[in-house]
Asks: 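Okay, here's the structure, questions in a sec.
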Protein chains: 2
Amino acid sequence: MNNNTEYTPIDWANLGTLKFVSKGTLLQEEGMKSTKSFYVKKGLLRSYTIDDNGKIHIFMFAPEAWLVSDVASYINSKPTDFFVEAIEDSEIMEFEMTSISVDFSHSEDGKIHPEISKLLRRIAVLQKRVIMLMSATARERYEHFLETYPQLINRVPLKMVASYLGITPEALSSIRRKMRNKEI
Amino acid sequence: MNNNTEYTPIDWANLGTLKFVSKGTLLQEEGMKSTKSFYVKKGLLRSYTIDDNGKIHIFMFAPEAWLVSDVASYINSKPTDFFVEAIEDSEIMEFEMTSISVDFSHSEDGKIHPEISKLLRRIAVLQKRVIMLMSATARERYEHFLETYPQLINRVPLKMVASYLGITPEALSSIRRKMRNKEI
DNA sequence: CTAATTTCTTAATCTACATTAAGACATTCG
DNA sequence: CGAATGTCTTAATGTAGATTAAGAAATTAG
(Lines give C-alpha, C1' and ligand atoms only; values in the text may rest on other atoms or scores of the structure.)
Protein backbone atom coordinates (compact mmCIF):
# COMPACT_ATOMS: atom_id res chain seq x y z
CA MET A 1 0.00 0.00 0.00
CA ASN A 2 1.62 3.18 -1.16
CA ASN A 3 0.63 6.07 1.09
CA ASN A 4 2.25 8.77 -0.97
CA THR A 5 -0.44 11.16 -2.22
CA GLU A 6 1.80 12.69 -4.84
CA TYR A 7 1.54 10.87 -8.10
CA THR A 8 3.39 11.65 -11.26
CA PRO A 9 0.71 11.64 -13.90
CA ILE A 10 1.61 10.25 -17.26
CA ASP A 11 2.71 12.97 -19.58
CA TRP A 12 0.52 11.78 -22.41
CA ALA A 13 1.35 14.79 -24.51
CA ASN A 14 5.00 13.75 -24.71
CA LEU A 15 4.89 9.99 -24.50
CA GLY A 16 5.46 8.83 -28.06
CA THR A 17 5.56 10.15 -31.58
CA LEU A 18 3.95 13.47 -32.38
CA LYS A 19 1.86 13.47 -35.51
CA PHE A 20 -0.08 16.11 -37.37
CA VAL A 21 -2.89 14.55 -39.31
CA SER A 22 -5.43 16.13 -41.56
CA LYS A 23 -9.15 15.59 -41.46
CA GLY A 24 -10.07 12.23 -42.88
CA THR A 25 -6.77 10.52 -42.09
CA LEU A 26 -7.10 6.90 -41.05
CA LEU A 27 -4.80 6.21 -38.13
CA GLN A 28 -5.88 2.62 -37.74
CA GLU A 29 -7.84 0.13 -39.85
CA GLU A 30 -9.67 -2.99 -38.85
CA GLY A 31 -7.65 -6.16 -39.21
CA MET A 32 -4.46 -4.45 -38.07
CA LYS A 33 -2.63 -5.86 -35.12
CA SER A 34 -2.97 -2.81 -33.01
CA THR A 35 -0.95 -2.07 -29.93
CA LYS A 36 -0.89 1.63 -30.57
CA SER A 37 -2.83 4.25 -28.72
CA PHE A 38 -3.53 7.83 -29.65
CA TYR A 39 -3.62 10.78 -27.34
CA VAL A 40 -5.34 13.86 -28.78
CA LYS A 41 -3.39 17.05 -28.20
CA LYS A 42 -5.57 19.04 -30.53
CA GLY A 43 -8.43 18.08 -32.82
CA LEU A 44 -10.94 15.28 -32.84
CA LEU A 45 -10.81 11.56 -33.59
CA ARG A 46 -13.45 8.91 -33.85
CA SER A 47 -13.20 5.18 -33.38
CA TYR A 48 -15.69 3.05 -35.27
CA THR A 49 -16.53 -0.41 -36.60
CA ILE A 50 -18.20 -1.38 -39.81
CA ASP A 51 -20.71 -4.23 -39.56
CA ASP A 52 -21.40 -6.99 -42.05
CA ASN A 53 -23.95 -4.82 -43.82
CA GLY A 54 -21.43 -2.05 -44.30
CA LYS A 55 -23.00 0.16 -41.66
CA ILE A 56 -20.74 2.37 -39.57
CA HIS A 57 -21.08 2.27 -35.77
CA ILE A 58 -19.15 4.91 -33.92
CA PHE A 59 -17.76 3.60 -30.70
CA MET A 60 -16.33 6.87 -29.39
CA PHE A 61 -15.28 10.41 -30.16
CA ALA A 62 -12.00 11.65 -28.78
CA PRO A 63 -11.57 15.40 -28.48
CA GLU A 64 -8.57 17.09 -26.86
CA ALA A 65 -6.94 15.25 -23.94
CA TRP A 66 -8.74 12.05 -24.75
CA LEU A 67 -7.09 8.74 -25.36
CA VAL A 68 -8.08 6.25 -28.04
CA SER A 69 -7.01 2.66 -27.74
CA ASP A 70 -8.49 -0.70 -28.55
CA VAL A 71 -8.20 -2.52 -25.28
CA ALA A 72 -9.82 -5.65 -26.63
CA SER A 73 -7.29 -6.01 -29.40
CA TYR A 74 -4.43 -5.37 -27.05
CA ILE A 75 -5.56 -7.64 -24.24
CA ASN A 76 -6.53 -10.52 -26.53
CA SER A 77 -3.65 -10.10 -28.97
CA LYS A 78 -6.08 -10.10 -31.84
CA PRO A 79 -6.43 -7.86 -34.88
CA THR A 80 -8.57 -4.86 -34.12
CA ASP A 81 -12.17 -4.43 -35.24
CA PHE A 82 -11.87 -0.67 -35.05
CA PHE A 83 -10.98 2.08 -37.43
CA VAL A 84 -9.59 5.28 -35.97
CA GLU A 85 -10.04 8.41 -38.04
CA ALA A 86 -9.36 12.10 -37.65
CA ILE A 87 -12.58 14.06 -38.17
CA GLU A 88 -10.77 17.36 -37.80
CA ASP A 89 -7.21 18.34 -38.57
CA SER A 90 -5.52 16.98 -35.48
CA GLU A 91 -2.32 16.82 -33.51
CA ILE A 92 -1.84 13.52 -31.78
CA MET A 93 0.67 11.61 -29.76
CA GLU A 94 0.98 8.05 -30.95
CA PHE A 95 2.50 5.52 -28.60
CA GLU A 96 2.66 1.84 -27.70
CA MET A 97 0.47 0.65 -24.87
CA THR A 98 3.46 -1.08 -23.39
CA SER A 99 4.92 2.37 -22.68
CA ILE A 100 2.50 2.80 -19.83
CA SER A 101 3.57 2.29 -16.29
CA VAL A 102 1.39 3.35 -13.44
CA ASP A 103 1.09 2.50 -9.82
CA PHE A 104 -2.46 1.51 -9.01
CA SER A 105 -2.68 2.23 -5.37
CA HIS A 106 -4.54 4.25 -2.87
CA SER A 107 -3.15 6.91 -0.65
CA GLU A 108 -4.22 7.28 2.94
CA ASP A 109 -6.76 9.89 1.98
CA GLY A 110 -8.28 7.55 -0.61
CA LYS A 111 -6.87 9.10 -3.73
CA ILE A 112 -5.96 6.90 -6.61
CA HIS A 113 -3.63 7.48 -9.45
CA PRO A 114 -5.17 9.76 -12.07
CA GLU A 115 -4.47 7.31 -14.87
CA ILE A 116 -6.19 4.47 -13.11
CA SER A 117 -8.97 6.88 -12.38
CA LYS A 118 -9.10 7.50 -16.13
CA LEU A 119 -9.38 3.78 -16.75
CA LEU A 120 -12.16 3.42 -14.18
CA ARG A 121 -13.98 6.38 -15.72
CA ARG A 122 -13.85 4.56 -19.03
CA ILE A 123 -15.56 1.61 -17.40
CA ALA A 124 -18.13 3.84 -15.78
CA VAL A 125 -18.98 5.48 -19.09
CA LEU A 126 -19.30 2.12 -20.82
CA GLN A 127 -21.46 0.79 -17.99
CA LYS A 128 -23.83 3.68 -18.39
CA ARG A 129 -23.87 3.29 -22.13
CA VAL A 130 -24.74 -0.41 -21.96
CA ILE A 131 -27.58 0.23 -19.56
CA MET A 132 -28.93 3.08 -21.66
CA LEU A 133 -28.73 1.09 -24.86
CA MET A 134 -30.84 -1.54 -23.14
CA SER A 135 -33.32 0.60 -21.33
CA ALA A 136 -33.53 4.11 -22.73
CA THR A 137 -35.34 5.40 -25.81
CA ALA A 138 -33.32 6.93 -28.61
CA ARG A 139 -34.50 10.35 -27.48
CA GLU A 140 -33.33 9.78 -23.91
CA ARG A 141 -29.95 8.71 -25.23
CA TYR A 142 -29.70 11.84 -27.37
CA GLU A 143 -30.64 14.02 -24.41
CA HIS A 144 -28.00 12.29 -22.31
CA PHE A 145 -25.47 12.89 -25.05
CA LEU A 146 -26.33 16.60 -25.13
CA GLU A 147 -25.90 16.90 -21.36
CA THR A 148 -22.72 14.87 -21.22
CA TYR A 149 -20.83 16.18 -24.25
CA PRO A 150 -22.19 19.67 -24.96
CA GLN A 151 -18.86 20.74 -26.43
CA LEU A 152 -19.10 18.11 -29.17
CA ILE A 153 -22.40 19.29 -30.60
CA ASN A 154 -20.95 21.95 -32.85
CA ARG A 155 -17.96 19.87 -33.88
CA VAL A 156 -19.60 16.61 -34.85
CA PRO A 157 -22.03 16.22 -37.76
CA LEU A 158 -25.47 15.02 -36.72
CA LYS A 159 -25.06 11.98 -38.89
CA MET A 160 -22.17 10.88 -36.71
CA VAL A 161 -24.04 11.64 -33.51
CA ALA A 162 -26.74 9.31 -34.76
CA SER A 163 -24.14 6.68 -35.52
CA TYR A 164 -22.74 7.01 -32.00
CA LEU A 165 -26.23 6.71 -30.52
CA GLY A 166 -26.95 3.59 -32.54
CA ILE A 167 -29.79 5.17 -34.51
CA THR A 168 -30.28 6.38 -38.07
CA PRO A 169 -29.90 10.01 -39.12
CA GLU A 170 -33.58 10.06 -39.98
CA ALA A 171 -34.51 8.95 -36.48
CA LEU A 172 -32.32 11.68 -35.01
CA SER A 173 -33.92 14.29 -37.25
CA SER A 174 -37.32 13.11 -36.09
CA ILE A 175 -36.27 13.33 -32.44
CA ARG A 176 -34.91 16.84 -32.91
CA ARG A 177 -38.11 17.95 -34.59
CA LYS A 178 -40.13 16.65 -31.67
CA MET A 179 -37.85 18.42 -29.24
CA ARG A 180 -38.25 21.66 -31.20
CA ASN A 181 -42.01 21.21 -31.14
CA LYS A 182 -41.82 20.49 -27.42
CA GLU A 183 -43.49 17.19 -27.92
CA ILE A 184 -43.16 14.73 -25.13
CA MET B 1 9.26 0.98 -15.25
CA ASN B 2 9.26 -2.15 -13.17
CA ASN B 3 10.96 -4.96 -15.06
CA ASN B 4 10.16 -7.66 -12.58
CA THR B 5 7.97 -10.30 -14.23
CA GLU B 6 6.84 -11.80 -10.95
CA TYR B 7 3.70 -10.16 -9.75
CA THR B 8 1.85 -10.96 -6.60
CA PRO B 9 -1.73 -11.31 -7.69
CA ILE B 10 -4.38 -10.01 -5.36
CA ASP B 11 -5.66 -12.76 -3.16
CA TRP B 12 -9.27 -11.88 -3.76
CA ALA B 13 -10.47 -14.92 -1.90
CA ASN B 14 -9.01 -13.63 1.34
CA LEU B 15 -9.17 -9.87 0.97
CA GLY B 16 -12.11 -8.83 3.12
CA THR B 17 -15.05 -10.33 4.96
CA LEU B 18 -16.23 -13.79 4.09
CA LYS B 19 -19.98 -14.10 3.76
CA PHE B 20 -22.30 -16.98 3.09
CA VAL B 21 -25.48 -15.72 1.49
CA SER B 22 -28.53 -17.59 0.41
CA LYS B 23 -30.24 -17.33 -2.92
CA GLY B 24 -32.20 -14.15 -3.20
CA THR B 25 -30.07 -12.15 -0.78
CA LEU B 26 -29.62 -8.51 -1.73
CA LEU B 27 -26.01 -7.50 -1.17
CA GLN B 28 -26.46 -3.99 -2.46
CA GLU B 29 -29.43 -1.78 -3.26
CA GLU B 30 -29.68 1.26 -5.49
CA GLY B 31 -29.29 4.53 -3.70
CA MET B 32 -26.63 3.13 -1.38
CA LYS B 33 -23.29 4.83 -1.23
CA SER B 34 -21.38 1.85 -2.41
CA THR B 35 -17.66 1.41 -2.08
CA LYS B 36 -17.90 -2.31 -1.55
CA SER B 37 -16.99 -4.97 -4.03
CA PHE B 38 -17.85 -8.63 -4.03
CA TYR B 39 -15.62 -11.48 -5.08
CA VAL B 40 -17.47 -14.73 -5.75
CA LYS B 41 -15.78 -17.74 -4.20
CA LYS B 42 -18.72 -20.00 -4.87
CA GLY B 43 -22.14 -19.38 -6.34
CA LEU B 44 -23.59 -16.78 -8.64
CA LEU B 45 -24.47 -13.10 -8.34
CA ARG B 46 -26.16 -10.66 -10.67
CA SER B 47 -25.92 -6.91 -10.83
CA TYR B 48 -28.94 -5.07 -12.19
CA THR B 49 -30.76 -1.76 -12.46
CA ILE B 50 -34.46 -1.05 -12.42
CA ASP B 51 -35.65 1.59 -14.87
CA ASP B 52 -38.37 4.19 -14.42
CA ASN B 53 -40.97 1.74 -15.69
CA GLY B 54 -39.96 -0.85 -13.13
CA LYS B 55 -38.25 -3.04 -15.66
CA ILE B 56 -35.16 -4.97 -14.59
CA HIS B 57 -32.01 -4.72 -16.72
CA ILE B 58 -29.26 -7.12 -15.79
CA PHE B 59 -25.88 -5.55 -16.19
CA MET B 60 -23.80 -8.64 -15.42
CA PHE B 61 -23.68 -12.13 -13.97
CA ALA B 62 -20.82 -13.05 -11.71
CA PRO B 63 -20.06 -16.74 -11.30
CA GLU B 64 -17.09 -18.12 -9.38
CA ALA B 65 -13.90 -16.04 -9.44
CA TRP B 66 -15.71 -13.00 -10.74
CA LEU B 67 -15.72 -9.60 -9.17
CA VAL B 68 -18.74 -7.32 -8.84
CA SER B 69 -18.25 -3.65 -8.21
CA ASP B 70 -19.93 -0.47 -9.29
CA VAL B 71 -17.07 1.51 -10.71
CA ALA B 72 -19.28 4.44 -11.63
CA SER B 73 -20.53 4.88 -8.09
CA TYR B 74 -17.04 4.57 -6.70
CA ILE B 75 -15.31 6.88 -9.15
CA ASN B 76 -18.00 9.56 -9.03
CA SER B 77 -18.72 9.23 -5.30
CA LYS B 78 -22.40 8.92 -6.05
CA PRO B 79 -25.03 6.51 -4.80
CA THR B 80 -25.17 3.40 -6.89
CA ASP B 81 -27.82 2.65 -9.50
CA PHE B 82 -27.22 -1.06 -9.14
CA PHE B 83 -28.66 -3.86 -7.09
CA VAL B 84 -26.47 -6.87 -6.43
CA GLU B 85 -28.26 -10.11 -5.67
CA ALA B 86 -27.30 -13.72 -5.11
CA ILE B 87 -29.15 -15.93 -7.58
CA GLU B 88 -27.70 -19.07 -6.00
CA ASP B 89 -26.60 -19.80 -2.48
CA SER B 90 -23.18 -18.17 -2.55
CA GLU B 91 -19.96 -17.66 -0.71
CA ILE B 92 -18.46 -14.25 -1.27
CA MET B 93 -15.64 -12.08 -0.13
CA GLU B 94 -16.84 -8.56 0.54
CA PHE B 95 -14.24 -5.80 0.63
CA GLU B 96 -13.69 -2.09 0.20
CA MET B 97 -12.35 -0.93 -3.13
CA THR B 98 -9.77 1.11 -1.29
CA SER B 99 -8.18 -2.16 -0.20
CA ILE B 100 -6.76 -2.62 -3.66
CA SER B 101 -3.21 -1.84 -4.48
CA VAL B 102 -1.68 -2.94 -7.71
CA ASP B 103 1.30 -1.97 -9.74
CA PHE B 104 0.23 -1.22 -13.28
CA SER B 105 3.39 -1.76 -15.16
CA HIS B 106 4.86 -3.81 -17.90
CA SER B 107 7.70 -6.24 -17.59
CA GLU B 108 10.40 -6.52 -20.21
CA ASP B 109 8.57 -9.37 -21.88
CA GLY B 110 5.39 -7.30 -22.10
CA LYS B 111 3.44 -8.87 -19.28
CA ILE B 112 1.13 -6.75 -17.24
CA HIS B 113 -0.21 -7.28 -13.80
CA PRO B 114 -3.06 -9.84 -13.79
CA GLU B 115 -5.40 -7.45 -11.98
CA ILE B 116 -4.89 -4.70 -14.49
CA SER B 117 -5.37 -7.29 -17.14
CA LYS B 118 -8.67 -8.10 -15.43
CA LEU B 119 -9.64 -4.44 -15.55
CA LEU B 120 -8.75 -4.18 -19.23
CA ARG B 121 -10.73 -7.35 -19.94
CA ARG B 122 -13.72 -5.68 -18.32
CA ILE B 123 -13.33 -2.81 -20.75
CA ALA B 124 -12.97 -5.17 -23.68
CA VAL B 125 -16.14 -7.00 -22.75
CA LEU B 126 -18.07 -3.77 -22.36
CA GLN B 127 -16.72 -2.48 -25.67
CA LYS B 128 -17.99 -5.56 -27.43
CA ARG B 129 -21.33 -5.33 -25.68
CA VAL B 130 -21.87 -1.72 -26.70
CA ILE B 131 -21.09 -2.46 -30.30
CA MET B 132 -23.33 -5.51 -30.36
CA LEU B 133 -26.20 -3.65 -28.71
CA MET B 134 -25.92 -1.11 -31.51
CA SER B 135 -25.34 -3.36 -34.46
CA ALA B 136 -26.39 -6.94 -33.81
CA THR B 137 -29.83 -8.51 -33.85
CA ALA B 138 -31.20 -10.01 -30.67
CA ARG B 139 -30.51 -13.44 -32.08
CA GLU B 140 -26.89 -12.62 -32.82
CA ARG B 141 -26.51 -11.36 -29.27
CA TYR B 142 -28.01 -14.55 -27.87
CA GLU B 143 -25.72 -16.66 -29.99
CA HIS B 144 -22.74 -14.64 -28.79
CA PHE B 145 -23.89 -15.17 -25.23
CA LEU B 146 -24.09 -18.93 -25.77
CA GLU B 147 -20.57 -19.03 -27.20
CA THR B 148 -19.08 -16.76 -24.58
CA TYR B 149 -20.72 -18.04 -21.40
CA PRO B 150 -21.73 -21.66 -22.09
CA GLN B 151 -21.35 -22.54 -18.41
CA LEU B 152 -24.06 -20.06 -17.43
CA ILE B 153 -26.81 -21.52 -19.57
CA ASN B 154 -27.87 -24.19 -17.10
CA ARG B 155 -27.52 -21.93 -14.09
CA VAL B 156 -29.39 -18.85 -15.19
CA PRO B 157 -33.12 -18.77 -15.95
CA LEU B 158 -33.94 -17.81 -19.52
CA LYS B 159 -35.86 -14.82 -18.25
CA MET B 160 -32.67 -13.43 -16.82
CA VAL B 161 -30.71 -14.18 -19.96
CA ALA B 162 -33.27 -12.12 -21.83
CA SER B 163 -32.89 -9.33 -19.31
CA TYR B 164 -29.12 -9.40 -19.77
CA LEU B 165 -29.50 -9.30 -23.54
CA GLY B 166 -31.85 -6.35 -23.34
CA ILE B 167 -34.80 -8.23 -24.81
CA THR B 168 -38.08 -9.60 -23.48
CA PRO B 169 -38.55 -13.22 -22.47
CA GLU B 170 -41.06 -13.59 -25.28
CA ALA B 171 -38.50 -12.42 -27.82
CA LEU B 172 -35.97 -14.90 -26.47
CA SER B 173 -38.50 -17.73 -26.68
CA SER B 174 -39.19 -16.75 -30.27
CA ILE B 175 -35.48 -16.75 -31.09
CA ARG B 176 -34.99 -20.14 -29.49
CA ARG B 177 -37.90 -21.59 -31.44
CA LYS B 178 -36.41 -20.32 -34.70
CA MET B 179 -33.06 -21.80 -33.78
CA ARG B 180 -34.72 -25.14 -33.03
CA ASN B 181 -36.51 -25.00 -36.37
CA LYS B 182 -33.20 -24.08 -38.02
CA GLU B 183 -34.74 -20.95 -39.42
CA ILE B 184 -32.36 -18.32 -40.59
C1' DC C 1 -49.14 -32.97 -0.34
C1' DT C 2 -51.78 -29.01 -2.37
C1' DA C 3 -52.01 -24.26 -3.49
C1' DA C 4 -49.55 -20.47 -4.96
C1' DT C 5 -46.15 -18.63 -7.66
C1' DT C 6 -42.88 -18.55 -11.24
C1' DT C 7 -41.08 -19.80 -15.67
C1' DC C 8 -41.50 -20.59 -20.40
C1' DT C 9 -43.96 -20.63 -24.47
C1' DT C 10 -47.24 -19.09 -27.94
C1' DA C 11 -49.81 -15.80 -30.67
C1' DA C 12 -52.13 -11.50 -31.81
C1' DT C 13 -51.49 -6.71 -31.88
C1' DC C 14 -48.73 -2.61 -31.29
C1' DT C 15 -44.76 0.55 -31.71
C1' DA C 16 -40.23 2.70 -31.91
C1' DC C 17 -37.27 2.97 -35.10
C1' DA C 18 -35.28 1.28 -39.81
C1' DT C 19 -35.54 1.56 -44.61
C1' DT C 20 -36.54 3.77 -48.82
C1' DA C 21 -36.98 7.83 -51.46
C1' DA C 22 -36.29 12.42 -52.40
C1' DG C 23 -35.89 17.59 -51.91
C1' DA C 24 -33.37 21.68 -50.09
C1' DC C 25 -29.27 23.40 -48.68
C1' DA C 26 -24.30 23.36 -47.54
C1' DT C 27 -19.75 22.02 -48.45
C1' DT C 28 -16.07 20.25 -51.16
C1' DC C 29 -13.62 19.38 -55.36
C1' DG C 30 -11.34 20.47 -59.64
C1' DC D 1 -16.88 29.32 -60.30
C1' DG D 2 -19.95 25.34 -61.41
C1' DA D 3 -20.46 20.49 -60.70
C1' DA D 4 -20.29 16.89 -57.57
C1' DT D 5 -20.90 15.33 -53.19
C1' DG D 6 -22.44 15.42 -48.56
C1' DT D 7 -25.70 16.74 -44.84
C1' DC D 8 -30.08 17.27 -42.99
C1' DT D 9 -34.83 16.96 -43.20
C1' DT D 10 -39.28 15.00 -44.35
C1' DA D 11 -42.64 11.39 -45.17
C1' DA D 12 -44.38 6.88 -46.50
C1' DT D 13 -43.76 2.12 -45.77
C1' DG D 14 -41.62 -1.85 -43.49
C1' DT D 15 -39.93 -4.61 -39.53
C1' DA D 16 -37.72 -6.47 -35.32
C1' DG D 17 -38.95 -6.75 -31.16
C1' DA D 18 -42.33 -4.95 -27.30
C1' DT D 19 -46.66 -5.44 -25.24
C1' DT D 20 -50.69 -7.87 -23.98
C1' DA D 21 -52.91 -12.04 -22.87
C1' DA D 22 -53.05 -16.60 -21.57
C1' DG D 23 -52.05 -21.70 -21.18
C1' DA D 24 -48.91 -25.49 -19.71
C1' DA D 25 -45.36 -26.94 -16.93
C1' DA D 26 -42.08 -26.40 -13.28
C1' DT D 27 -40.87 -24.79 -8.88
C1' DT D 28 -41.66 -23.03 -4.35
C1' DA D 29 -44.07 -22.33 -0.03
C1' DG D 30 -46.63 -23.81 3.86
Side-chain angles (χ1 to χ4, degrees), chain A residues 22-25 44 46 48 50-58 61 85-89 131-146 152-181 183-184, chain B residues 22-25 44 46 48 50-58 61 85-89 131-146 152-181 183-184:
Chain A
S22 53
K23 176 178 175 178
T25 305
L44 186 57
R46 68 167 172 163
Y48 63 93
I50 300 183
D51 70 27
D52 293 343
N53 304 310
K55 195 167 175 186
I56 291 178
H57 302 282
I58 296 182
F61 296 111
E85 178 192 6
I87 54 179
E88 288 173 2
D89 293 345
I131 293 295
M132 289 198 82
L133 279 165
M134 289 202 290
S135 63
T137 61
R139 177 173 178 162
E140 285 164 346
R141 301 207 301 283
Y142 178 56
E143 285 170 340
H144 179 72
F145 181 84
L146 293 179
L152 283 185
I153 300 302
N154 294 321
R155 300 175 68 179
V156 178
L158 290 176
K159 175 175 137 172
M160 284 190 191
V161 174
S163 180
Y164 174 83
L165 295 175
I167 62 177
T168 61
E170 291 85 6
L172 183 56
S173 274
S174 177
I175 285 164
R176 284 160 53 80
R177 183 174 65 241
K178 285 171 187 157
M179 286 167 77
R180 280 197 306 267
N181 296 345
E183 286 183 37
I184 295 181
Chain B
S22 53
K23 177 179 177 180
T25 305
L44 185 59
R46 70 167 170 163
Y48 63 92
I50 300 184
D51 70 25
D52 293 345
N53 304 310
K55 196 166 172 184
I56 292 178
H57 301 281
I58 297 182
F61 296 110
E85 178 192 7
I87 52 179
E88 287 175 2
D89 294 345
I131 293 295
M132 289 197 84
L133 278 166
M134 288 202 292
S135 63
T137 62
R139 177 172 176 163
E140 286 164 345
R141 301 206 302 283
Y142 178 56
E143 286 170 340
H144 179 72
F145 181 84
L146 293 180
L152 284 184
I153 301 301
N154 293 322
R155 299 174 70 178
V156 178
L158 290 176
K159 173 175 140 174
M160 284 191 192
V161 173
S163 180
Y164 174 83
L165 295 175
I167 62 177
T168 62
E170 291 84 5
L172 183 57
S173 273
S174 177
I175 286 164
R176 285 160 55 81
R177 182 175 64 242
K178 284 169 186 160
M179 287 168 75
R180 281 195 307 266
N181 296 345
E183 287 183 36
I184 296 182

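When reading the values below, keep in mind they use all heavy atoms of this one structure, side chains included, and skip hydrogens, waters and symmetry mates. Quick caveat: nothing in here was measured; it's all calculated off a predicted structure. Lettering of chains follows the sequences in order, A, B, ..., and the numbering in each one begins at 1.
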Asks: Tell me: CZ of Arg155(A) to C1' of dT7(D), nearest whole Å?
Replies: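 Rounded to the whole Å, the gap is 19 Å.
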Asks: What is the nucleic acid contact for Ser174(A), judged by heavy atoms within less than 4.0 Å: base, sugar-phosphate only, or nothing?
Replies: nothing
Asks: Return no unless some side-chain N or O of Arg176(A) is found under 4.0 Å from OP1 or OP2 of dT9(D).
Replies: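 So the side chain of Arg176(A) is within the cut-off, an N or O lying under 4.0 Å from OP1 or OP2 of dT9(D).
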Asks: Choosing from dT9(D), dA18(D), dT28(D), which nucleotide comes nearest the side chain of Ala171(B)?
Replies: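 Side chain of Ala171(B) sits closest to dA18(D).
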Asks: Check the distance between dC8(D)'s P and Arg180(A)'s CZ and give it to me in whole angstrom.
Replies: 13 Å
Asks: In this structure, how many angstroms lie between the P atom of dC25(C) and the CG atom of Leu158(A), rounded?
Replies: 17 Å
Asks: Which heavy atom of His57(A) sits nearest a heavy atom of Ile131(B), and at what distance?
Replies: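 Shortest heavy-atom separation between His57(A) and Ile131(B) comes out as O-CD1, 4.4 Å.
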Asks: Any side-chain N or O of Lys55(A) below 4.0 angstrom from OP1/OP2 of dT19(C)?
Replies: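 Indeed, a polar side-chain atom of Lys55(A) lies that close.
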Asks: How long is the line joining CE of Met160(B) and C1' of dT7(C), in whole Å?
Replies: 11 Å
Asks: For Leu165(B) and dA18(D), what is the distance between atoms CG and C1' respectively, to the nearest whole Å?
Replies: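 From Leu165(B) CG to dA18(D) C1': 15 Å.
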Asks: Write down the distance between CD1 (Ile175(B)) and P (dT15(D)), rounded to a whole number of angstrom.
Replies: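 Taking atom P of dT15(D) as the reference, CD1 of Ile175(B) is at 18 Å.
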Asks: Which heavy-atom pair separates Arg141(B) from Leu133(B) by the least distance, and what is that distance?
Replies: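 Closest approach of Arg141(B) to Leu133(B), heavy atoms only: NE-CD2, 3.6 Å.
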Asks: Checking contacts here: which listed nucleotide (dA18(D), dC8(C), dA18(C)) is nearest the side-chain heavy atoms of Ser173(B)?
Replies: dC8(C)
Asks: Which nucleotide in the set dC8(D), dT20(D), dT19(C) lies at the smallest distance from any side-chain heavy atom of Glu170(B)?
Replies: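 The nucleotide sitting nearest to the side chain is dT20(D).
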Asks: Do the side-chain N or O atoms of Arg141(B) get closer than 4.0 angstrom to the phosphate oxygens (OP1, OP2) of dG17(D)?
Replies: no
Asks: How long is the line joining NE2 of His57(A) and P of dC17(C), in whole Å?
Replies: 16 Å
Asks: If you only use heavy atoms from C-beta on, which nucleotide in dT9(C), dC17(C), dG17(D) is closest to the side chain of Thr137(B)?
Replies: dG17(D)
Asks: Which of these nucleotides, dA18(C), dC8(D), dT10(D), is closest to any side-chain atom of Ile167(A)?
Replies: dA18(C)
Asks: How far apart are the closest heavy atoms of Ser22(A) and Asp89(A), and which atoms are they?
Replies: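 For Ser22(A) versus Asp89(A), the nearest heavy atoms are CA-OD1, 3.3 Å.
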Asks: Determine: side-chain N/O of Thr168(B) to OP1/OP2 of dA18(D), distance under 4.0 Å, yes or no.
Replies: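 Yes, Thr168(B) has a side-chain N/O under 4.0 Å of OP1/OP2 on dA18(D).
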Asks: Does dT28(D) have OP1 or OP2 sitting under 4.0 Å from an N or O in the side chain of Lys23(B)?
Replies: yes
Asks: Show, in sequence, the C-alpha distance, side-chain angles and deciding distance for Leu152(A) and Val161(A), and conclude whether the side chain to side chain contact (heavy atoms under 4.5 Å, CB included) test is met.
Replies: CA-CA 9 Å; Leu152(A) 283 185; Val161(A) 174; over 6 Å; no
Asks: Would you indicate what Gly24(B) reaches in the nucleic acid, counting non-hydrogen atoms under 4.0 angstrom: base, sugar-phosphate, or nothing?
Replies: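 Since no nucleic acid heavy atom lies under 4.0 Å of Gly24(B), the category is nothing.
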Asks: Short question: side chain of Thr25(A), backbone of Ala86(A) - any donor-acceptor pair under 3.5 Å?
Replies: no
Asks: Are any of Arg177(A)'s side-chain N or O atoms less than 4.0 Å away from OP1 or OP2 of dT10(D)?
Replies: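 Looking at the OP1 and OP2 atoms of dT10(D), one of them is under 4.0 Å from a side-chain N or O of Arg177(A).
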Asks: Expressed as a whole number of angstroms, how long is the span from Leu172(A):CG to dC8(D):P?
Replies: 9 Å
Asks: Would Tyr164(A) and Arg46(A) count as a side chain to side chain donor-acceptor pair (under 3.5 Å) here? Give the steps.
Replies: CA-CA 10 Å; Tyr164(A) 174 83; Arg46(A) 68 167 172 163; over 6 Å; no
Asks: dC17(C), dT10(C), dG17(D): which one has an atom nearest the side-chain heavy atoms of Ala138(B)?
Replies: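 Looking only at side-chain atoms, Ala138(B) lies closest to dG17(D).
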